[in-house]
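Beneath this line is the structure, given in structure tokens, with notes to follow.
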Amino acid sequence: MNNINVISISGGKDSTAMWLLAIERDIPNLKVVFSDVGHEHPETYDYIDYLEKELGPIIRIKPDFSKQILRKREVVNTKWREEEVPENIINQALEVLVPTGNPFLDLCMWKGRFPSTMARFCTVELKVRPMFDQIYVPIIESGNQVISWQGIRANESLKRSIMTEIEETPEGYTIYRPILDWDVYDVFKQHDKHNIKPNPLYMQGMGRVGCMPCINSRKEELHEIARRFPEEIERVAKWEGIVSKASKRGSATFFTSDHRGHGINDVVDWSKTSYGGVQYDLLKLMEEVPTCSSQYGLCE
Ligand code: SF4
């Protein structure tokens, strides 16, 4: 039995630093995997190509929800009719329920809603399950052991602070967290040491990269995304229209928390306001986009 070391990379700083550490330690049997969820910024896709060119091959996996969408069409045609869902809702669902090949959008059409902080099915469906099914299971079935490297750091959150470096999972693979004790400066130092540039989004005001935006985005982060990358907001607004049609209620919004408004454009408007959301913050609206507002002082 061999140990196969699987490193999942997101295009973010921590997973890149972890890959560099594995290279430094000359770890054998290394598989580097990127799960494309279809909701990343184009610069992250370019960065994945850059890492591959500089560091070595990356296995790209892409979740596929075509079967679930086709099954949902049957449910709409049968169960929704039995439940006397209005015919216009049924017709508009059948109009959009066709797989697009974009995993995030297809997942939301299948579920008839966007994920939320209370229903965070996106991580499991877009990242955990595809990684397990497409990468871990074949390794385990061929009689080898999976060592799953996780690039998380204890000082990121209370939950992470109590995690251990090694953990055995009930599914039969081992989790290894080699940068648990690192801080954010160690992470960027690791990039410097290996002459690898961090994802350029960190130098454009983003504290994190990955889904753009993430359902957990903070108010300031959303404001920053909206003014720098309005096309990402427009894309999500279009998705809201499509997912609404695939929903039995005939409506679905990206941020479901009701105190923040409805569609993403409302939430973006709210993100421009001062505390409490009552007034627009004039200073914020007049602010120029800075040349570097990296939260990590990369250009300082
Ligand atoms: S980054 Fe955010 S939106 Fe994307 S899968 Fe993770 S929790 Fe969901």
Side-chain angles (χ1 to χ4, degrees), residues 7-16 18 33-45 47-48 60-65 68 100-135 148-153 156-160 163 175 177 184 187 198-199 201-202 204-226 228-229 231-240 242-243 246 252-257 260 263-264 267-268 271 295:
I7 294 189
S8 164
I9 57 155
S10 61
K13 61 190 186 310
D14 296 319
S15 57
T16 304
M18 181 175 67
V33 185
F34 171 66
S35 183
D36 179 359
V37 308
H39 184 34
E40 285 93 352
H41 191 278
E43 292 213 37
T44 293
Y45 292 109
Y47 186 67
I48 294 293
R60 289 163 170 78
I61 57 174
K62 202 169 181 177
D64 177 10
F65 300 102
Q68 289 91 330
T100 65
N102 181 301
F104 200 103
L105 176 57
D106 285 354
L107 169 65
C108 297
M109 283 205 290
W110 164 40
K111 297 278 186 185
R113 59 167 295 173
F114 288 90
S116 69
T117 46
M118 301 297 282
R120 235 178 86 163
F121 52 81
C122 47
T123 319
V124 170
E125 297 291 350
L126 294 166
K127 296 190 173 175
V128 179
R129 209 190 302 277
M131 182 64 109
F132 186 74
D133 292 348
Q134 297 182 40
I135 304 291
S148 169
W149 290 46
Q150 285 189 358
I152 62 164
R153 293 178 292 103
E156 285 177 293
S157 68
L158 189 61
K159 201 171 159 202
R160 292 186 171 190
M163 288 182 169
I175 294 174
R177 304 183 177 103
V184 74
V187 166
N199 188 318
L201 292 173
Y202 291 120
Q204 297 174 57
M206 298 296 111
R208 50 167 292 286
V209 302
C211 290
M212 182 75 60
C214 168
I215 51 159
N216 299 316
S217 290
R218 286 169 296 113
K219 187 179 182 185
E220 295 74 23
E221 196 180 349
L222 184 65
H223 173 70
E224 200 66 26
I225 292 171
R228 285 178 180 273
F229 312 119
E231 64 286 356
E232 301 298 318
I233 303 296
E234 263 172 49
R235 173 175 54 77
V236 173
K238 269 192 205 136
W239 285 6
E240 285 181 330
I242 298 168
V243 178
T253 53
F254 191 83
F255 293 108
T256 51
S257 174
R260 293 194 292 185
I264 191 162
V267 187
V268 165
S271 79
Q295 295 187 14

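Whatever order the structure lists ligands and atoms in, that order sets their numbers, starting from 1.
Using 4.0 Å as the threshold, Arg208 has a heavy atom nearer than that to some atom of ligand 1.
Between Phe34 and Tyr45, the two ring planes are perpendicular [angle over 60°; tilted spans 30° to 60°]. Between Trp239 and His39, the two ring planes are tilted [angle within 30° to 60°].
Glu240 places a side-chain N or O within donor-acceptor distance of the main-chain N or O of Phe254, the cut-off being under 3.5 Å.
For atom 8 (Fe) of ligand 1, the nearest non-hydrogen atom from the set Gly12, Cys211, Pro115, Cys122 comes from Cys122.
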Pair Phe132-Val124, side chain to side chain contact (heavy atoms under 4.5 Å, CB included): steps then yes or no: CA-CA 10 Å; Phe132 186 74; Val124 170; over 6 Å; no
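Counting only heavy atoms from C-beta outward, the side chains of Ser148 and Ser8 never approach each other to under 4.5 Å.
The protein heavy-atom contact nearest to atom 6 (Fe) of ligand 1 is Thr123 OG1, 3.9 Å.
Note on Cys214: not counted as a metal contact of atom 8 (Fe) of ligand 1, no N/O/S atom lying under 2.8 Å.
Listed by number with element, the atoms of ligand 1 under 4.0 angstrom from any heavy atom of Ile215 are 2 (Fe), 3 (S).
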